[in-house]
J.: 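Here it is: the structure, laid out below.
Chain letters run A, B, ... following the sequence lines, proteins first, then strands; residues in each count from 1.
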Amino acid sequence: MPELPEVEVVRAGLESAITSATVAAVRVFDERSLRRHDAPAEDFVDRLMGTTFAAPMRRGKFLWVPMGSETALVIHLGMSGQVLLREPDASLDRLTRISIDVAHPEHGPLRVDFVDQRIFGSMAIGRLVESGDVPGDLVPSQVTHIARDPMDPNFDDALFLARLAKRNTGIKRALLDQTLISGIGNIYADEALWASRVHYDQPTGSLSRPRAKTLLAEVRLVLGKALAEGGTSFDAQYLNVNGESGYFSHSLNAYGQQGLPCPRCGRMIVREQFMNRGSHFCPWCQRVRTGR
DNA sequence: CCGGACTCCTGGTTGC
DNA sequence: TGCAACCAGGAGTCCG
């Protein structure tokens, strides 16, 4: 499940490959992959044709490639999306939903394939608008509701902690709320909660400020470690921008570790259903704290 | 504001 | 061996 580190790997790979490249051809094999595009496929193709890409940007799990100052190609990988860079004449992956031929002034022709098994991901053209907090900072219209991610230099720690304290919900629900803090998905939420010894359903209102700060620090540590490793995976579903597996699962302490000993206390990691997904945690290290 | 239920979706796995 | 049921979950919507 691509989260911030995996999406950043894709962004960085695209940056070196398609910045300054011009679109020569676009093929949409499955229109369902345009779910975030507000017009028919023909419109998507027409608006891409002939444009030149600027350096790709990212906020949380959203990725976009500016096409001038007005619009951008918006990419979300969803659950299973991949962006594969291929030689122009390479065979198409069976699950390729969209394919874009580009010409780079120095590197020559290249194919950018959007491959997505479950079709929760998408490509779209978005209008660039002011993000609202930092003047002159532009994001696609599809991204305006997404909060800055914790690796963003403009992420406001104090603002996040204040908004978190005002929430009346469980901490994991808050971590997964992309309008509060972006880039965190199920894997890194479980890992950061394990690292900071917080139970997934700990009420946000009862989380002390020092503990909330620790949690935010652990979120950054976990994301930073995964970034350094080039993204994390467990089933080779995720491939980096070159089609090479970028997943490393050896450093997971809680996610998917149910039935295995907690690396910290040796007791068994359990998995519970929460928010229609699995929550992995150590029932000893991560207990709901009551009072004050 | 909150939470639960539901939708989108299909390949791989499990179970009979 | 064959097939159906089940599972994975990011994001959005709707409803109470």
J.: Classify A/Glu3 by what it touches in the nucleic acid, base, sugar-phosphate, or nothing, heavy-atom distance under 4.0 Å.
T.: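 Answer is nothing: A/Glu3 stays at 4.0 Å or more from every strand.
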J.: Can A/Lys172 and A/Asp190 be counted as an ion pair, charged N to O under 4.0 angstrom?
T.: yes
J.: A/Met79 CE to C/dA8 C1': how many Å, rounded?
T.: 5 Å
J.: Write down the distance between CZ (A/Arg167) and P (B/dC1), rounded to a whole number of angstrom.
T.: 8 Å
J.: Rounded to the nearest angstrom, tell me the gap between atom CD in A/Gln178 and atom C1' in C/dA11.
T.: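 It is 8 Å, rounded to the nearest whole Å.
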J.: Within this structure, what is the CG-to-C1' distance between A/Leu77 and C/dA8, rounded to whole angstrom?
T.: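 Interatomic distance, CG of A/Leu77 to C1' of C/dA8: 16 Å.
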J.: With distance as the sole test, does A/Asp152 use its side chain to make a donor-acceptor pair with the main-chain N or O of A/Asn154 at under 3.5 Å?
T.: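 Yes; judged by distance alone, with no hydrogens or angles, the pair exists.
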J.: Looking only at side-chain N and O atoms, does A/Tyr255 come under 4.0 Å of OP1 or OP2 in C/dA8?
T.: no
J.: Within the distance-only criterion (no hydrogens, no angle test), does the side chain of A/Gln142 pair as donor or acceptor with the backbone N or O of A/Val74 below 3.5 angstrom?
T.: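 Checked: no pair found.
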J.: I'd like to compare against my own output: the B/S/- annotation of nucleotides 3-13 of chain B with a strict under-4.0 Å heavy-atom distance to protein.
T.: SS-B-BBBS--
J.: Whole-Å distance between C/dA8 P and A/Ile187 CD1?
T.: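 In whole Å, C/dA8 P and A/Ile187 CD1 are 13 Å from each other.
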J.: Would you please confirm or rule out a distance under 4.0 Å between OP1 or OP2 of C/dA11 and any side-chain N or O of A/His76?
T.: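 Yes.
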J.: Distance from A/Leu73 atom CG to A/Met67 atom CE, nearest 0.5 Å?
T.: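 If we round to the nearest 0.5 Å, A/Leu73:CG and A/Met67:CE are 6.5 Å apart.
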J.: Is it the case that the side chain of A/Glu191 and the backbone of A/Leu252 share a donor-acceptor pair, with hydrogens and angles ignored and the cut-off at 3.5 Å?
T.: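 The answer is no, because no donor-acceptor pair under 3.5 Å joins these two groups.
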J.: In this structure, how many angstroms lie between the C1' atom of B/dC1 and the NZ atom of A/Lys166, rounded?
T.: 13 Å
J.: Separation of A/Asp177 atom CG from C/dG9 atom P, in whole Å?
T.: 18 Å
J.: Rounded to the Å, how far apart are A/His280 NE2 and C/dC7 P?
T.: 14 Å
J.: OP1, OP2 of C/dA11 versus side-chain N and O of A/His145: anything below 4.0 Å?
T.: no
J.: With side chains defined as the heavy atoms from C-beta onward, is the minimum distance between A/Ile98 and A/Phe29 less than 4.5 Å?
T.: no
J.: Have a look at A/Gly278 and say if it touches a base, only the backbone sugar-phosphate, or nothing, with a 4.0 Å heavy-atom cut-off.
T.: sugar-phosphate
J.: For the residue pair A/Ile181 and A/Pro150, establish whether any side-chain heavy-atom pair is separated by less than 4.5 Å.
T.: yes
J.: When we call it a touch if two heavy atoms are under 4.0 Å apart, what does A/Arg163 touch: a base, just sugar-phosphate, or nothing?
T.: nothing
